[in-house]
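Please read through the structure below; I'll follow up with questions.
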Protein chains: 2
Amino acid sequence: MKPDLRVVKTKRALHEALVELLKNHSLEQVTISALCRVANVNRGTFYLHYARVEDVFEEYFQEITADLAKSYEEPYRHVKLLNPRELEPSTIRIFHHVQTYVDFYRIVFSKNVPLAYYYMLFDEVRKLLLRDTAAHKQDEIDHELFCSYQANAIVGMIIHWAEHDFAATPDEMNEQLAHILRLDSGRRV
Amino acid sequence: MKPDLRVVKTKRALHEALVELLKNHSLEQVTISALCRVANVNRGTFYLHYARVEDVFEEYFQEITADLAKSYEEPYRHVKLLNPRELEPSTIRIFHHVQTYVDFYRIVFSKNVPLAYYYMLFDEVRKLLLRDTAAHKQDEIDHELFCSYQANAIVGMIIHWAEHDFAATPDEMNEQLAHILRLDSGRRV
DNA sequence: CCTTTAATTGAACATGTGTTCAATAACTAT
DNA sequence: ATAGTTATTGAACACATGTTCAATTAAAGG
């Protein structure tokens, strides 16, 4: 059940062709025909794996969101998490992650791309919150709902960040998050 | 400078044709050609006003987000707003608004629509928060950033709601928001 | 190495896309 | 009503889309 090398080659060619075309065109300007021309892949082959150009970007973007989760696994970062209302901001790697892949995130937050990309980021953040706050459930509050609330709040900060062309530094974003979470007084490093 | 009646008629025909087609097709399945066929509008005319089918939906959806703002203007609802951390949930009309137009919001929150629709809702909520919390700025916190945080947190709840097929009632959503905002203890009606 | 399996190809077809143009029709303003 | 303005139309064009098919090619597994 190994992945067929031909499929791997085809997908890699399409990935690289997409990155190439995105240097001079917006995502929605990239046609399937042009993508296949640049990638030297038959158009029929494209349809064996995808339906739209956006699906190729989505597959690529999946590797990036996977990196977000991975950065949380690094043991020296993965400090014990406290009550979600007192998240230790040094453990929040998301702003640094976004800056690392800012060229991708400019696309992810642009108006005419599918909402699916947004969900991929949101789901990743929520997954991390669900895992790290499992011990701090509160009565009367639907914990999954609360994580959707909290995760999307953070993504809201990233929207704001993107609207200002990612001018602030990741550390400044972390600092603001700390203040919002009321860590400004009684900070514990 | 009145709107040309011909334009009004054309747009209305396209709006109605879109609603008609959406009964049996997803938004992305609706082609420009089919839309124009049903609307009895020349395809060239379509391009005089729009570029994509999604633009027609966006124009329609604008009327709906305008209704969200309008519901906040109703004087008997527009109670004095407190500190954003203590939002009086009875003034939060958003969950009821979403339920009123749930057929539209199912599309707005579906994966393959443009992110632009999401922004329209988010911007509307943020605008309301910015207006109603202007008096409660805090030092050290970028107030606009905080409103992006808070507005998107609420939209995160709606995402969660949509994921569960809008099963909860708007009042239950409001109740959960109240709990999250720490109104559970010391509630003031 | 050789057979089996399956991905890829190239070609074709109907339809959709995006644009242009002169001719026509419908609206506005006087 | 009439003249002037402008949206709409229909036709045509090159190109993109989505699908099908038999022929070919490359990989997997023994």
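Chain A is the first sequence line, chain B the second, and so forth, proteins listed ahead of strands; every chain is numbered from 1.
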Item to complete: Anything under 30° is parallel, anything over 60° is perpendicular, the rest tilted; go ahead and classify B/Phe57 against B/Phe104.
Response: tilted
Worksheet item: Using the ring of each side chain (for Trp, its six-membered ring), is A/Tyr149 parallel, tilted or perpendicular to A/Phe146, with breaks at 30° and 60°?
Response: parallel
Practice prompt. Can you label the angle between the B/Tyr105 ring and the B/Phe61 ring as parallel, tilted or perpendicular, going by 30° and 60°?
Written response: perpendicular
Worksheet entry | A/Asn112 and B/Arg52 side chains, donor-acceptor separation under 3.5 Å | yes
Worksheet item: Is the shortest side-chain N/O distance from B/His49 to OP1 or OP2 of D/dA7 below 4.0 Å?
Response: no
Practice prompt. Provide, to the nearest angstrom, the distance between the CG atom belonging to A/Leu14 and the C1' atom belonging to C/dT8.
Written response: 12 Å
Discussion item. Can you confirm whether the side chains of A/Glu59 and A/Tyr50 place a donor and an acceptor under 3.5 Å from each other?
Written reply: yes
Fill in: Between P of C/dG10 and CZ of A/Phe46, the distance in whole Å
17 Å
Item to complete: Please report, rounded to the nearest Å, how far the P atom of D/dA16 is from the CD atom of A/Glu54.
Response: 16 Å
Worksheet item: Which class fits the ring pair B/Tyr60 and B/His15: parallel under 30°, tilted 30 to 60°, perpendicular over 60°?
Response: tilted
Protein-nucleotides 16-18 of chain C N/O pairs under 3.5 Å:
from, atom 1, to, atom 2, distance (Å)
C/dT17, OP1, B/Ile32, N, 3.4
C/dT17, OP2, B/Ile32, N, 3.3
C/dT17, OP2, B/Ser33, N, 3.0
C/dT17, OP2, B/Ser33, OG, 3.2
C/dG18, OP2, B/Tyr47, OH, 3.0
C/dG18, N7, B/Arg43, NH1, 2.9
C/dG18, O6, B/Arg43, NH2, 3.0

Worksheet item: Nearest-Å distance, CG (B/Asn40) to P (C/dA25)?
Response: 17 Å
Worksheet item: Does A/Thr10 have a side-chain nitrogen or oxygen under 4.0 Å from the phosphate oxygens OP1 or OP2 of C/dA7?
Response: no
Using atom types as modelled, flag every donor-acceptor pair under 3.5 Å from a side chain in residues 30-45 of chain A to any protein atom, sequence neighbours excluded.
from, atom 1, to, atom 2, distance (Å)
A/Thr31, OG1, A/Ala34, N, 3.0
A/Asn42, OD1, A/Gly44, N, 2.8

Worksheet entry | Stepwise side-chain contact (heavy atoms from CB on, under 4.5 Å) test for A/Gln150 and B/Ile180 | CA-CA 10 Å; A/Gln150 189 66 49; B/Ile180 289 175; over 6 Å; no
Between protein and nucleic acid, restricted to nucleotides 25-30 of chain D and to nitrogen or oxygen atoms under 3.5 Å apart, what atom pairs and distances do you find?
from, atom 1, to, atom 2, distance (Å)
D/dA26, N3, A/Arg6, NH1, 2.9

Practice prompt. Rounded to the nearest angstrom, tell me the gap between atom CG in A/Leu48 and atom P in D/dC21.
Written response: 14 Å
Worksheet item: Of the non-hydrogen atoms in A/Phe122 and A/Ala151, which two are nearest, and what is the gap between them?
Response: CE1-CB, 4.0 Å
Worksheet item: D/dA7 phosphate, OP1 or OP2: any side-chain N/O from B/Thr45 under 4.0 angstrom?
Response: no
Worksheet entry | Atom-pair distance (CG on B/Asn42; P on C/dT19), nearest Å | 15 Å
